[in-house]
Each structure stands twice: as structure tokens, then as C-alpha cells.
Amino acid sequence: MNILLIGSGGRENALAWKMSQSAKLSKLYIAPGNAGTGNYGTNVNLDPNNHAEVKRFITDNHIDMVVVGPEEPLVKGLHDAILADPLTASVPVIGPQAQGAALEGSKEFAKAFMMRHNIPTAQYKSFTSANIAEGEAFLATLKAPYVLKADGLAAGKGVLILNDLDEAKRELREMLGGKFGSASNTVVIEEYLSGIELSVFVLTDGKSYVILPEAKDYKRVGEGDTGLNTGGMGAVSPVPFAGDEFMRKVEERIVRPTVDGLRKDNIPYKGFIFVGLMNCDGEPMVIEYNVRMGDPETEVVMPRIESDLVELFEAVAQERLGEKRIAVSSKTCCTVMMVAGGYPGSYKKGTPMTGFDEVEGSILFHAGTKQTDSGVVTNGGRVIAVSSLGASKDEALALSYRNVEHIKYEGRYFRRDIGKDLDKYYK
Ligand code: AMP
Ligand code: GLY
């Protein structure tokens with residue numbers, strides 16, 4: 001089978017690494033990919049938002065399946081465009097059509113979906129510039145902290161959590177005044193949930209589902225979870241506070257009602273669902289849906305999956321996922337994300353990198369890297385994820401941190417405390 005994988009991050013490197021182990025894979029193309037994905041297939045310079053260009057590539061290269069890594073092309077209708085063209089309509093796409101992608105593309109749509117299907121989530125109301133005064137009055141009825149969310153995609157920056165009521169009211173006005181462009185034309189205000197977060201991943205064919213290994217990621221740039229939010233600085237799987245009983249609640253109260261809800265609402269959905277959850281004293285509550293895998297969670301989830309990923313994708317395409325069981329390693333996988341100095345603020349690109357060959361026992365998943373004639377250079381804020389499997393979290397982390405030392409580039413930074421907060425949950 002020839003597969004076209006869309007995306008260029010650590011997530012896509014991990015998906016490419018995993019798919020390349022399948023006997024079913026003939027050719028893998030990654031658009032646009034990075035220096036790491038080039039080890040598992042051919043990088044191609046396609047713009048995922050140029051649907052005509054993607055469709056032409058599919059027909060010219062006899063592509064049998066398209067796997068979409070990031071959410072943006074899905075929200076912008078890449079799957080719909082492939083389906084609408086008689087030349088490409090029979091090529092399965094892993095990743096939902098725009099209608100299903102609204103679970104991530106519109107917070108208001110996602111909240112209404114959860115309410116309709118009795119899926120546990122924070123209470124909320126949404127507001128537009130037509131009812132700012134009501135929004136301010138609603139804020140005044142809530143206790144701090146106040147959670148304000150831009151309805152649309154805002155590159156991970158559209159959620160504000162504020163302690164002061166006047167500041168929350170001011171931010172509400174600014175958001176509705178275009179702070180995040182049209183993404184904040186509607187603002188969701190919701191109840192604050194306190195607890196500890198985790199990421200649960202589901203693969204579905206729209207009827208059945210398999211639950212993939214769960215993971216915890218580390219979003220803040222600074223140690224001790226301080227400083228600015230990033231795309232993610234590291235991850236651990238499995239998550240020790242997500243035991244069997246908790247995961248049973250997640251499946252019964254969230255995963256099954258979500259897949260059933262999509263079907264009841266006549267929303268076709270083939271692909272990943274990433275449920276961002278809060279464990280509130282043992283009770284799972286949904287914070288958000290994403291219509292893709294997480295990054296850097298994929299870099300710890302893929303190494304733990306023992307089943308053939310291409311076979312699972314094929315079962316999704318043929319709506320046979322109900323026949324499948326997924327085999328998962330009992331080992332712990334940890335990843336440490338190495339970033340560019342200054343990230344998530346401004347940072348340099350094009351810095352030469354060395355040391356890849358000295359890495360032993362870990363898997364390198366490139367994120368923001370690029371192959372040039374003179375070697376690999378940095379090409380983004382999150383540069384490379386160093387993932388390791390171990391009999392315990394500490395063993396896996398020790399291996400990643402040992403190998404991190406080999407990867408050298410000017411201004412490199414990483415958090416030294418990935419997974420430390422989990423110590424108290426291991427028996
Ligand atoms: P989101 O973009 O929806 O993932 O939100 C970004 C982050 O804000 C989440 O990862 C949570 O840490 C936090 N967050 C979002 N909604 C809530 C909530 N209702 N209560 C507490 N924290 C929240
Ligand atoms: N690591 C969180 C995300 O991918 O959104």
C-alpha cells in the first residue's frame with residue numbers, strides 16, 4: 001500500500017516510524033515532513049491546504065491511503081475535497097471530514113455535542129459581540145478562576161484562565177473585539193475544573209473504536225510547570241493515575257458516548273479522537289476534543305503499540321475496526337522534547353545539529369528539523385523528541401536524558417523534570 005502522510009512534526013515522525021514497520025506498506029510519502037521523516041519515506045513539498053495539488057499527487061503516485069496528522073487541513077476540508085473528486089473519492093483518508101473536525105475546530109460545537117450526549121464536561125455558556133453584557137453578567141455569577149475560550153482554532157493560544165473578575169471581563173471584550181481574529185467571534189465561558197490532566201486517544205471507524213495508550217504531557221516551558229504554554233515539552237505513557245477503574249469510566253462515560261453520538265448525529269468519522277481530560281478526584285471530565293493525535297503524546301504512544309498500525313488504518317477504512325484488538329506494551333515510554341532557545345517566544349532557525357549517531361537505546365523523533373546539503377539544521381521551536389521505553393518510568397527517563405546529552409545545537413533547551421510530578425502515584 002502507498003500512503004501519503006500529511007504533516008511535519010514529531011507526531012508525524014512517530015507515525016511514519018510506526019507505519020514503516022508494517023509489511024503492508026510499500027511507499028510512504030510525507031508532506032512536507034522533516035529531516036527525521038526522511039528516514040522512513042520520501043518527503044514531498046506539498047501544501048496540504050492546496051487541495052488540487054494534494055489530489056494531483058494522490059492520482060499521479062497511486063496513493064492508496066491518506067493519513068492526516070494535524071487538525072488544520074481536516075478543519076479546512078481536505079478529506080471532503082478528496083471525497084468530492086471522482087478521481088480520488090475511493091482513496092480512504094484517516095482523519096474526519098470538516099463536519100467531524102468541528103469537534104476541535106469549534107469549542108461551541110464540541111460543548112453542544114457533549115451536552116447533547118450527556119458527556120461529562122464543565123458547564124458553559126457562549127457569547128458573541130451581540131451579548132457582551134450578558135457575558136459579563138455570567139462571569140460575575142462564577143467563582144474564580146475564569147476560563148475563556150475562543151471558539152475557533154487559535155494555534156493553541158485561545159484559552160485564557162484568569163483569577164480576577166475585572167480582567168476576565170476586559171479579556172472577554174477584547175476577545176469578542178477580535179483579539180484572536182475571527183476565531184474569537186464567539187467565546188465560550190466555562191466552569192473551572194480542578195484536577196490533573198491526561199490525554200486519551202481513540203481510533204474509530206465511526207461505528208467501533210479502539211482505545212490507544214493514554215499519556216500525560218507537559219505543556220509549560222518551565223520546570224515545575226511554570227512559564228508560558230508550549231506545544232508540549234515531554235510526555236509519559238502509561239499514566240499511573242489512570243488505573244483500570246478510571247479508564248473504565250472514561251470508556252463508558254466518554255469514549256462510547258462520543259462514538260455513538262457521532263453516529264446518532266449522522267457525522268461520519270474515520271480517524272483519531274484525542275480526548276483532553278481532567279481527572280477530578282477520580283471522575284473524568286472532558287476539557288476538549290482534538291481530531292488528531294497529540295504532540296508529543298504520539299511520541300510515547302506509538303512506541304507502546306505492538307499491533308500493525310497500517311492494518312488498524314485499513315480496518316478503519318473498511319469499517320472493520322470492531323474485529324480488531326490492539327496489543328500494547330506494558331513498558332513505560334517517556335519523551336523529552338528538545339526545543340530552540342527562546343521558544344515559545346522568538347527563536348532562531350537554521351542552527352546546525354550534531355550527535356544523532358551517538359544516541360543509543362532511544363528513538364529520535366524529529367520535529368522542527370530540516371535536512372540541508374551540509375547536514376541537519378533546526379527548523380522550528382520544538383526541535384526533536386527523544387523517546388525511550390523502560391521497565392519503569394525512571395528507567396525510560398534516565399535513558400532519554402542520557403541521550404539528550406548527545407544531541408547538540410546552539411541554544412538547546414529542555415525540561416529536566418518530565419514525569420517527576422507522577423512519582424507520588426506509583427505504588
Ligand atoms: P484547551 O486548548 O481547551 O486544551 O485548553 C488549554 C488548557 O487550559 C488545557 O490543557 C487545560 O490545562 C486548561 N483548561 C481548559 N479548560 C479548562 C477548565 N474548564 N478548567 C480548568 N482548566 C482548563
Ligand atoms: N500535546 C497537546 C496537543 O497535541 O494538543
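Atoms within each ligand, like the ligands themselves, are counted from 1 in listed order. For clarity, every value in this text was computed on a predicted model and none was experimentally measured.
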Salt bridge present between [X] and [Y] (N-O < 4.0 angstrom):
X    : Y    : value
E311 : K324 : yes
E252 : R248 : no
K420 : E223 : no

- Message: Evaluate D295 for polar contact with ligand 2, using N/O atom pairs at a separation under 3.5 Å.
- Response: yes
- Query: Does K169 NZ have over 12 foreign heavy atoms under 6.0 Å away?
  - Reply: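 It does: K169 NZ has more than 12 such atoms within range.
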- Decide if atom CG of D281 counts as having more than 12 heavy atoms of other residues, nucleotides or ligands within a radius under 6.0 Å. no
- Query: Among R292, E299, E288, E71, which residue places a heavy atom closest to atom 5 (O) of ligand 2?
  - Reply: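 Among R292, E299, E288, E71, the closest heavy atom to atom 5 (O) of ligand 2 comes from R292.
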- Query: Does the ring of Y218 carry K216 above it, NZ/CZ under 6.0 angstrom from centre and within 45° of its axis?
  - Reply: yes
- Minimum-distance protein heavy atom relative to atom 2 (C) of ligand 2: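 Atom 2 (C) of ligand 2 sits closest to the protein heavy atom D217 OD2, 3.4 Å.
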- Task: Quick one: look at R11 and ligand 2, take heavy-atom pairs under 4.0 Å, and tell me if it's side chain, backbone, both or neither.
- Result: neither
- Note on the structure: Applying side chain to side chain contact (heavy atoms under 4.5 Å, CB included) to P238 and not counting sequence neighbours gives E214, R304, T332
- Query: Got the residues with a heavy atom under 4.0 Å of ligand 1, by chain and number?
  - Reply: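 For ligand 1, the residues that come within the 4.0 Å heavy-atom cutoff are K107, V147, K149, V159, I161, E190, E191, Y192, L193, E197, K219, M278, I287, E288.
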- Would you call R292 and F274 a side-chain contact if the rule is heavy atoms closer than 4.5 Å? yes
- Query: Against heavy atoms of G231, which atoms of ligand 2 measure under 4.0 Å?
  - Reply: 1 (N)
- Task: Output the list of atoms in ligand 2 that are nearer than 4.0 Å to some heavy atom of G294, sorted by atom number.
- Result: 4 (O)
- Evaluate the criterion side-chain contact (heavy atoms from CB on, under 4.5 Å) for residue pair I418 and Y401; output intermediate values, then yes/no. CA-CA 10 Å; I418 300 304; Y401 279 118; 3.4 Å; yes
